[in-house]
Visitor: 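Quick one: structure below, then a few questions.
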Amino acid sequence: MTQIQNVTDFSLKYTLESGQSFRWERIDNAYYGVVEGRILKLLQEGTTLHVESSTDENEADFVPFLHHYLDIVRDVPHILIGVRNDAYMHRATKKLWGMRILNQELWETIASFILSQNNNVRRIRGIIRRLSERFGERLTLGAYVDYSFPSPDALSRAAESALFACGTGYRASYLSDTAQAIVSGELSLTSLQQMSYTEAKQELMRRKGIGEKVADCICLFSLGHLAALPIDVWVKRIFETLYLRRRATHREIREFAYNYFGESVGYAQQYLFHYVHECPNWADAEHLSLIEMKSAGLTQF
DNA sequence: TTCCAGGAGAGAG
DNA sequence: CTCTCTCATGGA
């Protein structure tokens, strides 16, 4: 059992339940998930994080690993104040205060968001769970059983029909192709991690099944590029409804969002994305009226 | 039954 | 460049 003390401006719930990872399961107030080959059990009590692992961890490495994965080291309050330009964002950041963008393992993030296209979160989770059960390694933490995310090698050797049987649908060939490209060295994960946002995005988009949105998800949720802006149906809807007040192309949304929120637009996007999922009345008249109101001068937290 | 989901590829204009 | 059609799946 590991404890991390003085974790401030952090919400485990919103971080793990905001659609950036498909691997976490809440049981009571604890979260179970698999991260880089081990089961983790995470429980937040105020500013203390209780952690259990299925592996014998070296404390000196484990705590920094957790800090990085959960993005605890980042000055998120500074980012949020910087993107809190209006009363709407003020409300969103207040409700979800402490939500952070994870730094997830690169291959799992690539594979997961290839599978996410034209799909819903519930089904994506099911596909990833079945792929892990079928091609990953069995792990246990007490009575809890889960499976590691299968390696590129394991998925590259799997028959596409076997991937298909896990429910991947037409995405099976995309997943297989990219796994094979990584095994062959045609696509280098370590190179991707050294590239700028623009370079990494461009390199990712060369793969079949990775378009602009999926590439941006990988850049944001694994590579730490906060300028990445994944535009899915919801983000498009949010910007068209709240800010632009008209039908807009992806290019127009991207230009507006970057000008309005700045270099940490990815963080702003995540708060908006999750806020509208938490608030069914996100687009009612009272909410819309908040957009013109500046955040400055509103009550602090 | 049709529509939708953290879309992308292919083709047409 | 933009628009449209299709892709496999399951829940609403």
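Just so it is clear, the values below take in all heavy atoms, side chains as well, and ignore hydrogens, waters and symmetry mates. We name chains A, B, ... by the order of the sequence lines, and we start the count at 1 in each one.
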Visitor: Between dA8(C) atom P and Asn118(A) atom CG, what is the distance in whole Å?
Guide: 11 Å

Visitor: Quick one: how far along DNA chain B does chain A reach, first to last nucleotide 5' to 3', anything under 4.0 Å to a heavy atom?
Guide: dA5(B) to dA10(B)

Visitor: Going by salt bridge (Lys or Arg N to Asp or Glu O under 4.0 Å), name the residues that satisfy it together with Glu240(A), two or more places apart in sequence or in a different chain.
Guide: Lys236(A)

Visitor: Asn120(A) CG to dG11(C) P: how many Å, rounded?
Guide: 9 Å

Visitor: Using the six-membered ring of Phe65(A), assess whether NZ or CZ of Arg38(A) lies under 6.0 Å from its centre and within 45 degrees of the ring axis.
Guide: yes

Visitor: Enumerate all atom pairs, one protein N or O and one N or O from nucleotides 4-6 of chain C, separated by less than 3.5 Å.
Guide:
none

Visitor: Would you mind reading off the distance between Arg251(A) atom CZ and dC3(C) atom C1', rounded to a whole angstrom?
Guide: 16 Å

Visitor: On DNA chain C, nearest-nucleotide positions of Thr168(A) versus Arg122(A): which is more 5'?
Guide: Thr168(A)

Visitor: Hey, quick one: are Val35(A) and Phe149(A) part of the same hydrophobic cluster, counting side-chain heavy atoms closer than 4.5 Å, chains of contacts allowed?
Guide: no

Visitor: Using ring centroids (six-membered ring only for Trp), state whether Tyr275(A) and Tyr88(A) fall under 6.0 Å.
Guide: yes

Visitor: Atom CD1 of Ile114(A) and atom C1' of dT9(C): how far apart are they, to the nearest Å?
Guide: 18 Å

Visitor: Over how many whole Å does the gap from Arg125(A) atom CZ to dT9(C) atom C1' extend?
Guide: 17 Å

Visitor: Under a plain distance cut-off of 3.5 Å, with no hydrogens placed, do Tyr14(A) and Gln270(A) share a side-chain donor-acceptor pair?
Guide: no

Visitor: Below 4.0 angstrom, N of the basic side chain to O of the carboxylate: do Glu105(A) and Arg23(A) qualify?
Guide: no

Visitor: Once you round it to whole Å, what is the distance between P of dG10(C) and CZ of Arg171(A)?
Guide: 11 Å

